[in-house]
Number of protein chains: 2
Amino acid sequence: MSDAQAVVKRPASKAEGDERHEAIYRAVSDAIVEQRLKPGARLREDALAEVFGISRTGIRKILQRLALEQLVTLTPRRGASVTRPTADEAKDVFDARQLIECGLMPDVARRMGEKEAAELRDMAKRERQALRSGQQSVAIRLSADFHVRLAQLSGNAALAAFVEQLCSRSSLILAVYGHPGHLGCESHDHDDLIGYLETGNGERAKAFMNRHLKAIEASLSMVEEEENVPDLQQIFGG
Amino acid sequence: MSDAQAVVKRPASKAEGDERHEAIYRAVSDAIVEQRLKPGARLREDALAEVFGISRTGIRKILQRLALEQLVTLTPRRGASVTRPTADEAKDVFDARQLIECGLMPDVARRMGEKEAAELRDMAKRERQALRSGQQSVAIRLSADFHVRLAQLSGNAALAAFVEQLCSRSSLILAVYGHPGHLGCESHDHDDLIGYLETGNGERAKAFMNRHLKAIEASLSMVEEEENVPDLQQIFGG
DNA sequence: GCTTGTTTTATTGTATACATTGCGCCATCA
DNA sequence: TGATGGCGCAATGTATACAATAAAACAAGC
């Protein structure tokens, strides 16, 4: 195998295509979760294609994936935009998180080791730091990552993937219904939770997670913003 | 507006494209869930494109959606094939169903009305009939539909969609690890469950669903079929 | 001046063509 | 006779070109 003359022209032509797509997907997904792309923002295919240096074909694939995860909304002939969750959807998402994340706590407590606890504590610490230094985007991301990592520790990949989706959607919900400057997760909540899990107290952790999520949901102001010109609609709708 | 000469050639060129895609998606999805496409079956883009009369572009979109739902596996440069679930995945799926479907039972019992009960009874009846008349594919589908409909009755769209995915995957799992001729759900189990739900006995229904799912999982023979020539792999892997 | 109809433009939907790559067939050699 | 290497084919990955359509800008009439 003569590897001296082999690949010189394009190191990205081989199998990096998939990696690149994955990277672009994460870039867009991160921007949405970190609320740098706000709900309602339009995502034009041409613009994305130019920014990331690939064709519209690849962009469409990524957009469809994001649409299936409910992070972007694909309107026929109108294109893609960051999803603006409705109040109903918000309730469903938090109810789902309550059922699943709480239900997972006993398993997590059972599988919790020193290494895992240390990793979680590090995440919680970085989240607090980001919050203190005013890096809201970073804090939001770390908070979501914390919940996702927790679900992953349960050992159930299917549920972990679903929790990941729910956390991403929660970020959108906070962007729409949350009070500005008030992040969902209280700064020390996550540390307290780690404590319960470390001691193997699954039921305690479950109850705490329940309160934790309820507190986040309660902090939202669920006001569906009314249509700008609803008068005509009401006339015909009534 | 002279509409006499306008559109004569193709009445399907307008907005039916989306409907058509949805129909094709369902056709493939149904074939997989009903086990007419067995795990491991290859799904060539050209072949599907020709069968359904659209271009590969549309087929790829559908294939990617199915891949995100874990019904088909997309191997780079190798194409699509019906997913063959591993034993680990099977365990995760059934654990997830246990947590979610059982957790939903109280809500379902609360929202259960006469109309809903009648609909469920009809589904259960048709399932029994299909089972008796040897229509295995129909029975499998109706059984999955029953569980999905149940989840929908909880009122939580996010969880219902997830349960739908899990049920589809369960069908694949049964195809691989189930005993031939022995369907997952016992014929009268679903009727019993409806009874508990009708009387608003959510906790009873929850416990019954728990046993029901456990019974299905227990009926599987979890033998991972070993690789044909694993010796070399083990030498290098170890 | 505001509304309505028309044209223009910009953006998405679809198909097809080309490049790339994995796989099977076949010849050759031990 | 069996294994190995090369070769051709078939299938996917990607980009681009063309068609369809909705939004917007603009003009005309009430």
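Letters A, B, ... mirror the listed sequences (proteins, then strands); counts begin at 1. On a predicted model such as this, the values are computed, not experimentally measured, just so you know.
- The side-chain contact (heavy atoms from CB on, under 4.5 Å) test applied to A:Glu116 returns A:Met112, A:Leu153, not counting sequence neighbours.
- Using a 4.0 Å cut-off, some side-chain N or O of B:Arg44 falls inside it from OP1 or OP2 of D:dA11.
- In this entry the distance linking CG of B:Leu63 with P of D:dG13 reads 9 Å, nearest Å.
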Show me the donor-acceptor pairs within less than 3.5 Å that the side chains of residues 92-103 of chain A make with the rest of the protein, sequence neighbours left out.
residue	atom	partner	partner atom	Å
A:Asp92	OD2	B:Ala157	N	3.0
A:Asp95	OD2	A:Lys91	NZ	2.6
A:Arg97	NE	A:Glu101	OE2	2.5
A:Arg97	NH1	A:Ser170	OG	2.8
A:Arg97	NH2	A:Glu101	OE2	3.0
A:Arg97	NH2	A:His147	ND1	3.1
A:Gln98	NE2	A:Asn210	O	3.0
A:Gln98	NE2	A:Asn210	OD1	2.9
A:Glu101	OE1	A:His147	ND1	2.9

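- Distance from the side chain of B:Glu45 is smallest to D:dT12 among C:dT12, D:dA22, D:dT12.
- Here D:dG13 presents its P atom at 14 Å from CD1 of A:Ile62, a figure rounded to the nearest Å.
- A:Arg77 has no side-chain polar atom (N or O) that falls below the 4.0 Å cut-off from OP1 or OP2 of D:dA20.
- Taking atom CZ of B:Arg42 as the reference point, atom C1' of D:dA10 lies 11 Å away to the nearest angstrom.
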Would you list the atom pairs, donor with acceptor, under 3.5 Å between side chains in residues 34-44 of chain A and any protein atom, with sequence neighbours excluded?
residue	atom	partner	partner atom	Å
A:Glu34	OE2	A:Arg141	NE	3.2
A:Gln35	NE2	A:Ser171	O	2.9
A:Arg42	NH2	A:Arg78	O	2.9

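- Non-hydrogen atoms lying under 4.0 Å from DNA chain D are contributed by nothing in residues 65-76 of chain A.
- Electrostatic pairing of B:Arg126 and B:Asp122 counts as a salt bridge here, judged by a charged N lying under 4.0 Å from a carboxylate O.
- Applying the side chain to side chain donor-acceptor pair (under 3.5 Å) test to pairs two or more places apart or on separate chains, those with a residue in residues 150-169 of chain B are B:Arg149-B:Gln152.
- Following rounding to the nearest Å, A:Glu50 (CD) and C:dA10 (P) show an atom-to-atom distance of 14 Å.
- Taking the six-membered ring where the residue is Trp, B:His190 and B:His212 present perpendicular rings, their angle passing 60° and hence far from 30°.
- When the side chain to side chain donor-acceptor pair (under 3.5 Å) test is applied to B:Glu50, no partner is found at least two apart in sequence or on another chain.
- Across residues 53-61 of chain B, B:Ser55, B:Thr57, B:Lys61 each have a non-hydrogen atom less than 4.0 Å from an atom of DNA chain C (numbered order).
- Summarising the geometry, the separation between CG on B:Leu48 and C1' on D:dT12 is reported as 13 Å, rounded to the nearest angstrom.
- Under the side chain to side chain donor-acceptor pair (under 3.5 Å) criterion, A:Asp88 pairs with no residue, sequence neighbours left out.
- Shown here are the ring pair (Phe, Tyr, Trp, His ring centres under 6.0 Å) partners of A:Phe52, two or more places apart in sequence or in another chain: there are none.
- Straight-line distance from the CG atom of B:Asp46 to the P atom of C:dT16: 12 Å, rounded to whole Å.
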